[in-house]
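Only this structure's heavy atoms are used, side chains among them; waters, hydrogens and symmetry mates stay out. By convention in this document, chain letters (A, B, ...) are assigned in the order of the sequence lines, proteins followed by strands, and residues within each chain are numbered from 1.
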Protein chains: 2
Amino acid sequence: MEKQKVTAFAPATVANVSCGFDILGFAIEDLGDKVSVSLSETPGVRVVKIEGDKGKLPYETEKNTCSVAVKAMVDDLGYTGGLEIELYKGLPLGSGMGSSAASAVAALMATNALLGNPYEKKDLLPFGIESERIACGAGHADNISPSLLGGFVLIREYTPLDVIPLHVPRGLYCTLVHPHLELNTSDSRSVLRRNVSLQDATTQSGNIAGLVAGLFQEDMALISRSLNDVIAEPSRSILIPGYDEVKEGIIPAGALGCGISGSGPTMFILSPTEEIAWEVSRISQQVFDKIQLPIDLYVSAINTRGAYIIEEEI
Amino acid sequence: MEKQKVTAFAPATVANVSCGFDILGFAIEDLGDKVSVSLSETPGVRVVKIEGDKGKLPYETEKNTCSVAVKAMVDDLGYTGGLEIELYKGLPLGSGMGSSAASAVAALMATNALLGNPYEKKDLLPFGIESERIACGAGHADNISPSLLGGFVLIREYTPLDVIPLHVPRGLYCTLVHPHLELNTSDSRSVLRRNVSLQDATTQSGNIAGLVAGLFQEDMALISRSLNDVIAEPSRSILIPGYDEVKEGIIPAGALGCGISGSGPTMFILSPTEEIAWEVSRISQQVFDKIQLPIDLYVSAINTRGAYIIEEEI
């Protein structure tokens with residue numbers, strides 16, 4: 001029997017992982033978006049339902065990241081039938097947790113399954129990147145790739161796209177601290193210097209090399225020493241009140257390090273155990289209580305399977 | 001019985017490994033320096049014999065890299081006895097193959113064994129770095145570390161020193177092409193830009209991350225894609241006639257990539273098999289024959305054990 005409707009889940013992600021600015025992302029367990037895609041007798045790709053976005057997301061096919069991604073896919077495939085998309089947001093918008101990417105990836109996964117899996121999972125990437133061009137003004141892959149594939153993913157190069165899944169050490173946990181601030185992605189980008197010193201470039205290279213080695217060797221101490229971004233964090237963290245205080249508080253508590261998730265305002269904190277990940281969430285809460293800035297907190301393992309199908313209706 | 005004389009070997013090394021500019025080095029099998037250190041009744045550290053240097057190396061304790069390294073070690077140890085050093089150069093000077101580092105490392109290994117191994121191998125690093133301050137004007141670790149430890153070694157940070165041995169894929173071979181040119185290390189450094197674009201810094205980070213992942217995953221294709229230095233090579237390769245022609249010729253022959261060894265003029269070429277390493281040595285010979293520049297060629301596996309003791313006399 002032909003499938004009529006497929007629902008998929010795609011996880012939240014952390015991009016710009018510290019010294020992996022613009023090239024490294026990872027996926028979060030549980031937290032994410034759900035998308036259902038149904039066959040329709042009316043040709044074309046349509047968004048028919050959006051929940052959990054407080055009315056902020058567009059329904060227009062050419063503006064919603066789900067439909068942009070699905071449209072890119074069906075155009076590539078030459079599929080001309082009708083598809084209806086329902087989006088259930090589990091992720092806050094504009095948080096720096098890969099909200100637009102999770103929606104697009106879930107839509108792609110669901111559509112691919114609905115149409116009989118014409119694509120390998122990895123081959124869905126370019127359609128997701130196309131949708132990021134709409135959401136961010138640039139075709140980034142550092143949220144799309146980990147949301148689709150799971151784990152830590154290196155985006156070594158964009159043209160041609162070279163996406164490399166890395167090893168995920170056992171026990172690694174993430175705490176996400178989402179302050180209720182609005183940070184515009186293009187503002188976050190405009191505070192970056194356009195040139196960096198050779199010394200800073202070399203330091204950043206040493207740290208990302210150390211981080212990758214630490215992931216493969218499951219060396220938590222090396223991961224911790226390497227989680228140091230000398231390029232983006234110094235200027236971007238100024239935009240996030242409480243950032244420095246949290247950073248100072250979590251290391252003595254046993255966290256490996258922290259950084260700005262995507263272009264913020266969410267902070268991510270990596271810990272070697274679940275227990276420490278909860279402890280640093282309490283420390284973060286205290287810091288933000290003091291400055292009276294409301295936050296959401298998430299404690300999660302690293303998602304190693306990426307996006308997946310939840311339900312298929314025939 | 002107490003040892004009277006110990007002889008050690010330390011291998012040649014490639015530093016500034018392409019996108020690993022200033023942070024990554026590896027060691028070469030066979031090619032290297034030998035140093036004998038003997039107990040003497042006259043206190044102090046002395047160089048008593050140098051062979052294979054065509055008379056170019058200094059005998060003064062404070063100028064020869066062997067004696068500078070050994071002096072730093074015995075000062076740290078509080079050893080006040082007499083030590084006599086004999087240096088047998090197997091490496092050409094000023095070639096970019098870590099000649100000064102190999103001498104210092106061999107001297108440190110021999111002295112450590114002679115004095116009953118008061119230090120772990122890794123703890124000899126700071127004394128070697130001290131000797132590089134004399135040879136290069138800066139305390140680099142990217143030749144010293146692989147010469148001592150073998151394999152690919154990441155120098156993530158200098159202060160405090162953080163040296164990380166990486167995995168060496170089976171089958172990896174190196175071809176060294178040493179044109180008979182004199183390149184001054186400080187000239188090579190002066191052609192470097194002091195600032196780089198954020199884009200180039202990010203590209204370099206992506207490539208070193210890809211290279212480290214490729215080494216751990218034994219993924220030769222990924223190593224090849226990642227061997228691309230956008231920071232130092234573009235300006236430094238201009239100083240080496242034939243460089244671009246060799247680079248163009250070796251990739252179609254199956255080499256993974258190439259770069260400038262240290263600050264040149266030696267080129268290193270990495271290949272996935274010994275057969276290809278020999279083939280690219282022939283291609284390199286043809287290029288330099290055409291421009292009538294004499295070269296030395298070495299084809300070698302990656303040395304994974306670093307420096308070692310050859311002989312102990314009691």
Side-chain angles (χ1 to χ4, degrees), chain A residues 16-24 140-142 152-167 189 192-219 221-232 235, chain B residues 16-24 140-142 152-167 189 192-219 221-232 235:
Chain A
N16 290 336
V17 182
S18 180
C19 52
F21 173 69
D22 250 9
I23 60 170
L24 185 66
H140 289 294
D142 46 354
F152 278 81
V153 181
L154 168 69
I155 296 91
R156 194 194 59 80
E157 193 171 48
Y158 277 85
T159 318
L161 186 63
D162 192 8
V163 163
I164 300 144
L166 305 178
H167 181 73
R189 204 146 262 280
L192 294 175
R193 293 165 292 166
R194 298 188 52 178
N195 288 292
V196 299
S197 69
L198 180 58
Q199 179 58 55
D200 280 351
T202 305
T203 300
Q204 194 88 340
S205 282
N207 283 326
I208 186 65
L211 178 54
V212 173
L215 291 172
F216 278 103
Q217 294 179 315
E218 303 205 342
D219 181 338
L222 174 55
I223 292 170
S224 181
R225 296 197 301 277
S226 304
L227 280 171
N228 186 21
D229 168 16
V230 298
I231 289 182
S235 43
Chain B
N16 289 336
V17 182
S18 179
C19 52
F21 173 69
D22 250 7
I23 60 171
L24 186 65
H140 290 294
D142 45 355
F152 278 81
V153 181
L154 169 68
I155 296 92
R156 194 193 61 79
E157 194 170 47
Y158 277 86
T159 318
L161 186 63
D162 192 7
V163 163
I164 299 143
L166 305 177
H167 181 74
R189 205 147 260 279
L192 293 175
R193 293 165 293 165
R194 297 188 52 179
N195 287 290
V196 299
S197 69
L198 180 58
Q199 179 57 55
D200 280 351
T202 305
T203 300
Q204 194 88 340
S205 283
N207 283 326
I208 186 66
L211 179 55
V212 173
L215 291 172
F216 278 104
Q217 294 179 315
E218 303 204 342
D219 181 338
L222 174 54
I223 292 170
S224 181
R225 296 197 300 278
S226 304
L227 280 172
N228 185 20
D229 168 17
V230 298
I231 289 182
S235 43

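Between A:His140 and A:Tyr158, the two ring planes are perpendicular [angle over 60°; tilted spans 30° to 60°].
Options A:Leu166, A:Thr202, A:Asp22, A:Asp219 differ in how many heavy-atom pairs under 4.5 Å they form with chain B, and the most are formed by A:Thr202. Heavy-atom pairs under 4.5 Å with chain B were tallied for A:Gly214, A:Ala232, A:Ala209, A:Gly210; the largest tally goes to A:Ala209. The candidate with the highest count of non-hydrogen atom pairs below 4.5 Å against chain B, out of A:Gly20, A:Ser205, A:Ala201, is A:Ser205.
Of the atoms belonging to B:Phe21, heavy atoms from both backbone and side chain fall under 4.5 Å from chain A. Only the backbone of B:Pro165 comes within contact range of chain A, with heavy atoms under 4.5 Å apart. Heavy atoms of B:Leu215 lying under 4.5 Å from chain A are absent altogether. Only the side chain of B:Ile23 comes within less than 4.5 Å of a heavy atom in chain A; its backbone stays farther off. With a threshold of 4.5 angstrom between heavy atoms, B:Asp162 approaches chain A through side-chain atoms but not through N, CA, C or O. Looking at A:Leu24, neither its backbone nor its side chain comes within 4.5 Å of chain B, counting heavy atoms on both sides. With a threshold of 4.5 angstrom between heavy atoms, B:Leu211 does not approach chain A through any atom at all.
A donor-acceptor contact closer than 3.5 angstrom is absent between the side chains of A:Gln217 and A:His167.
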